[in-house]
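Chain identifiers are assigned alphabetically (A, B, ...) following the order of the sequence lines, protein sequences preceding nucleic acid strands; residue numbering begins at 1 within each chain.
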Amino acid sequence: MLRRLSRRFYARPAEVVARALLGKLLVHRGRTGRIVETEAYLGPHDLAAHSARGLTPRTKPMFGPPGHAYVYLIYGMHWCMNVVTEPDGKAAAVLLRALEPVENLEGRTQGPALLCKAMGITGVLTGHDLLSRDLHIVAPRLEPPIRIVKRPRIGVDYAAHWARRLLRFYIKDNVFVSKK
DNA sequence: TGCACGATGAAC
DNA sequence: TTCATCGTGCAC
């Protein structure tokens with residue numbers, strides 16, 4: 001069996017983790033998808049991050065230790081999944097934006113909400129440990145070399161200059177990237 | 001207790 | 001470009 005990513009993997013800066021997650025495999029309930037697109041949210045100082053409004057019941061996992069899931073409901077109907085990064089209390093995270101289907105995935109996976117729908121990920125998993133048996137991320141046996149594209153994050157135009165930062169990352173030429 | 005709005009996706 | 005749909009955060 002493939003080895004789960006370690007706590008130390010997640011404890012690094014969100015930008016580093018966001019890039020490092022590209023090509024890794026998200027596993028849940030027998031379903032597997034290759035991560036091909038991510039976005040980094042740097043912490044409370046990043047006005048596009050949910051943690052910018054402080055510690056709340058919803059964002060609590062973001063303020064917790066690295067290597068845990070932060071799952072939230074958007075527009076009253078879509079779930080989105082983040083991976084918490086950096087040491088406990090830094091409130092940084094990486095949004096998973098798109099997957100390439102690998103095993104037991106049905107439907108589209110190009111977009112943060114579609115990804116969760118296909119993987120069967122909902123709010124019950126928020127705060128869940130990613131070193132657990134039922135929800136985790138592993139490195140594939142063979143990681144082919146990739147080119148990484150950097151772009152501004154999607155849907156954060158309200159965040160002043162933070163909206164312009166190149167904190168969205170995806171695998172160049174991958175068909176399963178969500179937009180453009 | 002009320003209300004404006006969103007790290008989206010689909011339809012028009 | 002419009003809309004579905006409702007939890008969250010903050011004002012009152």
Side-chain angles (χ1 to χ4, degrees), chain A residues 10 12-22 24 26 28 31 33-64 66-86 89-101 105-128 130 135 137 148-171 174-180:
Chain A
Y10 297 109
R12 297 175 293 166
E15 286 187 67
V16 173
V17 176
R19 297 173 64 98
L21 281 174
L22 297 176
K24 300 298 190 293
L26 178 65
H28 176 54
R31 306 175 196 188
R34 179 172 177 246
I35 299 169
V36 298
E37 179 182 351
T38 59
E39 281 179 0
Y41 289 85
L42 308 189
H45 59 293
D46 176 356
L47 296 185
H50 288 173
S51 55
R53 266 152 281 180
L55 173 60
T56 67
R58 180 180 66 144
T59 59
K60 190 164 182 283
M62 257 189 107
F63 286 82
H68 290 251
Y70 163 47
V71 184
Y72 68 93
L73 186 68
I74 187 70
Y75 297 105
M77 61 190 111
H78 304 301
W79 295 104
C80 295
M81 175 182 170
N82 293 256
V83 167
V84 177
T85 72
E86 310 226 15
K90 293 287 190 180
V94 172
L95 173 68
L96 304 184
R97 284 199 57 92
L99 298 176
E100 177 180 325
L105 280 187
E106 309 233 332
R108 300 171 58 206
T109 53
Q110 37 199 296
L114 290 171
L115 172 166
C116 284
K117 189 180 178 201
M119 288 292 294
I121 292 167
T122 69
V124 302
L125 288 171
T126 197
H128 201 85
L130 291 177
L135 176 64
I137 303 174
I148 299 177
V149 180
K150 297 157 58 165
R151 289 284 183 272
R153 293 172 292 185
I154 301 290
V156 296
D157 290 344
Y158 58 84
H161 69 279
W162 286 97
R164 293 193 236 283
R165 291 282 302 271
L166 303 180
L167 293 172
R168 173 178 175 232
F169 306 94
Y170 60 83
I171 297 179
N174 188 281
V175 182
F176 296 93
V177 168
S178 67
K179 306 189 173 169
K180 271 162 282 189

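Between the A:R31 side chain and the A:A118 main chain, a donor and an acceptor come within less than 3.5 Å of each other. Between the side chain of A:T56 and the backbone N or O of A:T59 there is at least one donor-acceptor pair closer than 3.5 Å. Proximity of a side-chain donor or acceptor of A:H128 to a complementary backbone N or O of A:A69 within less than 3.5 Å is not detected.
Contact annotation: the side chain of A:L22 approaches that of A:I171 to within less than 4.5 Å [non-hydrogen atoms, C-beta and beyond]. At least one side-chain heavy atom of A:L21 sits less than 4.5 Å from a side-chain heavy atom of A:L96.
Taking every nucleotide of DNA chain C with any atom under 4.0 Å from a non-hydrogen atom of chain A, the first and last of them, 5' to 3', are C:dA4 to C:dC10.
Using a 4.0 Å cutoff on non-hydrogen atoms, the parts of residues 41-63 of chain A near DNA chain B are A:Y41, A:A48, A:H50, A:M62, ordered by number.
The salt bridge (Lys or Arg N to Asp or Glu O under 4.0 Å) check on A:R165 picks up A:E15, with sequence neighbours excluded. For the ring-ring contact (aromatic ring centres under 6.0 Å, His included) test, residues two or more places apart in sequence or in another chain that qualify with A:H50 are A:Y70, A:Y72. In this view, A:A92 and A:A14, A:T85, A:E86 satisfy the side-chain contact (heavy atoms from CB on, under 4.5 Å) rule, not counting sequence neighbours.
The 12-atom threshold is exceeded at NZ of A:K24, counting heavy atoms of other residues, nucleotides or ligands nearer than 6.0 Å.
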Start with the C-alpha distance between A:S178 and A:Q110, add both sets of side-chain angles, then the distance that settles side chain to side chain donor-acceptor pair (under 3.5 Å), and finish with yes or no. CA-CA 4 Å; A:S178 67; A:Q110 37 199 296; over 6 Å; no
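Between the side chains of A:R97 and A:T38, not a single donor N or O lies within less than 3.5 Å of an accepting N or O.
OP1 and OP2 of B:dG9 both lie 4.0 Å or more from every side-chain N or O belonging to A:R108. Residue A:R168 has no polar side-chain atom (N or O) positioned under 4.0 Å from OP1 or OP2 of B:dA7.
Straight-line distance from the CG atom of A:L95 to the C1' atom of B:dG6: 13 Å, rounded to whole Å. One can place CD1 of A:I74 at 10 Å from P of B:dG9, the figure rounded to the nearest angstrom. Taking atom CG of A:D157 as the reference point, atom C1' of B:dC5 lies 15 Å away to the nearest angstrom. Summarising the geometry, the separation between NZ on A:K117 and P on B:dG9 is reported as 11 Å, rounded to the nearest angstrom. For A:E37 and B:dT8, the CD to P distance is 10 Å, given to the nearest whole Å. Atom C1' of nucleotide B:dT8 and atom CZ of A:R97 are separated by 9 Å, given to the nearest angstrom. The OH-C1' distance, from A:Y72 to B:dG6, rounds to 9 Å in whole Å.
Look at the P atom in both B:dC5 and C:dT2: the space between them is 16 Å, to the nearest Å.
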Which dot-bracket notation, 5' to 3', represents the base pairing of DNA chain C when pairs are defined as Watson-Crick or G-U with both distances under 3.5 Å, crossing pairs as [ ], and inter-strand pairs as |? ||||.||||||.
